[in-house]
Amino acid sequence: MIAFVSGRVAALGPDTAVVQVGGVGMAVHCAPRTLAGLRVGQDATLSTSLVVREDSLTLYGFADDDERQVFEVLQTASGVGPRLAQAMLVVHAPDDLRRAFATEDEKALTAVPGIGKKGAQRLLLELKDRIGAPVGAAAPAGGAPRAASWRDQLHAALVGLGYAAREADEAVAAVEPQAEAVAAETGAPPQVGSLLRAALQTLNRAR
């Protein structure tokens, strides 16, 4: 297993970072929040989890080992693959997920795109005793897990890809109607990865 990669960031894409390790470029799939902390040409260390399939080897990267461990525990539930596990960590931080399972908060889990009410109930049943207790600060008032802001994640990801703050502001504003439409239709936060691709298209058209 590849537990981490450390080296110079050679390239950044909407959902991938290429890290140069010993003369080899390692493509690592990352959430926008993780990509936002990376800069091309600078050194970086990412905790990683290697997902092996019959026809592929895919490396997923995380800002710290806690995220990686939660990512792997989530996949022990039936029906949860790496993409859904990553989506859960995009919407909720690791401790927020632990609190959601500890308090059997179905609403927090259904806020993740791809998880419905029945899926949330199944996940609570399978993972409540596996994912562990929160390890960080106490839960916010009301006990509800705090969902990450898609606007902040998207803006940070665009700046991390090299766009100026003003360009990032304009791109976020351009995709806001799309994000609001998705939220109204599904009742869940929009997927930041999809919004990032749409934002990049608007930026490319503007240049």
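Keep in mind it's a predicted model, so treat the numbers as computed, not measured. Atoms considered below: every heavy atom in the structure, side chains included; atoms not considered: hydrogens, waters and symmetry mates.
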Between [Y] and [X], is there a side-chain heavy-atom distance shorter than 4.5 Å?
{"X": "L38", "Y": "L12", "value": "yes"}
{"X": "L50", "Y": "T58", "value": "no"}
{"X": "P94", "Y": "R98", "value": "yes"}
{"X": "R197", "Y": "D15", "value": "yes"}
{"X": "V112", "Y": "L84", "value": "yes"}
{"X": "E167", "Y": "L203", "value": "yes"}
{"X": "L89", "Y": "F62", "value": "yes"}

Of all heavy-atom pairs between [X] and [Y], which one has the smallest distance, and what is that distance?
{"X": "R99", "Y": "T103", "value": "O-OG1, 2.7 Å"}
{"X": "T202", "Y": "A174", "value": "CG2-CB, 4.2 Å"}
{"X": "A198", "Y": "Q178", "value": "CB-OE1, 3.6 Å"}
{"X": "P32", "Y": "V90", "value": "CD-CG2, 4.3 Å"}
{"X": "L59", "Y": "A27", "value": "CB-O, 3.8 Å"}
{"X": "T34", "Y": "E67", "value": "OG1-OE1, 4.1 Å"}

Write out all pairs satisfying salt bridge (charged side-chain N to carboxylate O under 4.0 Å, His left out) with one or both partners inside residues 42-55, taking only residues at least two apart or from two chains.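 Passing the test, one end in residues 42-55: R8-D43.
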Among residues two or more places apart or on two chains, list those pairs meeting salt bridge (charged side-chain N to carboxylate O under 4.0 Å, His left out) that have a residue in residues 74-94.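 As it turns out, there is no salt bridge (charged side-chain N to carboxylate O under 4.0 Å, His left out) pair with a partner in residues 74-94 once direct neighbours are skipped.
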Enter the distance from [X]:[atom1] to [Y]:[atom2] here, rounded to the nearest 0.5 Å.
{"X": "R68", "Y": "S49", "atom1": "CZ", "atom2": "OG", "answer": "6.5 Å"}
{"X": "L109", "Y": "L97", "atom1": "CG", "atom2": "CG", "answer": "7.0 Å"}
{"X": "E72", "Y": "Q69", "atom1": "CD", "atom2": "CD", "answer": "7.5 Å"}
{"X": "F71", "Y": "D65", "atom1": "CZ", "atom2": "CG", "answer": "13.0 Å"}

Could you list the residues that satisfy side-chain hydrogen bond (donor to acceptor under 3.5 Å, both in side chains) with [X], not counting sequence neighbours?
{"X": "D64", "answer": "none"}
{"X": "S6", "answer": "T45"}
{"X": "E180", "answer": "none"}
{"X": "Q20", "answer": "none"}

Walk me through whether C30 and L46 qualify under side-chain contact (heavy atoms from CB on, under 4.5 Å). CA-CA 9 Å; C30 303; L46 294 171; 4.0 Å; yes
With [X] via salt bridge (charged side-chain N to carboxylate O under 4.0 Å, His left out) - residues at least two apart:
{"X": "E176", "answer": "R151"}
{"X": "D169", "answer": "none"}
{"X": "K107", "answer": "none"}

According to a 4.5 Å side-chain heavy-atom criterion applied to Ile, Leu, Val, Met, Phe, Trp and Tyr, with indirect links allowed, do [X] and [Y] form part of one hydrophobic cluster?
{"X": "L196", "Y": "V18", "result": "no"}
{"X": "F4", "Y": "V73", "result": "no"}
{"X": "V19", "Y": "I2", "result": "yes"}
{"X": "L57", "Y": "V24", "result": "yes"}
{"X": "V52", "Y": "V5", "result": "yes"}

Which pairs of donor and acceptor atoms, one on a side chain in residues 124-135, lie under 3.5 Å apart (sequence neighbours left out)?
unit_1 : atom_1 : unit_2 : atom_2 : d
E126   : OE1    : S78    : N      : 2.9
E126   : OE2    : S78    : OG     : 2.7
K128   : NZ     : E104   : OE2    : 2.8
R130   : NE     : E126   : O      : 3.0
R130   : NH1    : T76    : O      : 3.0
R130   : NH1    : T76    : OG1    : 2.8

Name all pairs fulfilling the ring pair (Phe, Tyr, Trp, His ring centres under 6.0 Å) condition that reach into residues 15-58, sequence neighbours left out, sorted by first residue then second.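 Matches after skipping sequence neighbours: H29-Y60.
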For E170, enumerate each residue passing the side chain to side chain contact (heavy atoms under 4.5 Å, CB included) test, keeping only those at least two apart in sequence or located in another chain.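 Partners of E170 by the side chain to side chain contact (heavy atoms under 4.5 Å, CB included) criterion, ordered by chain and then number, come out as R166.
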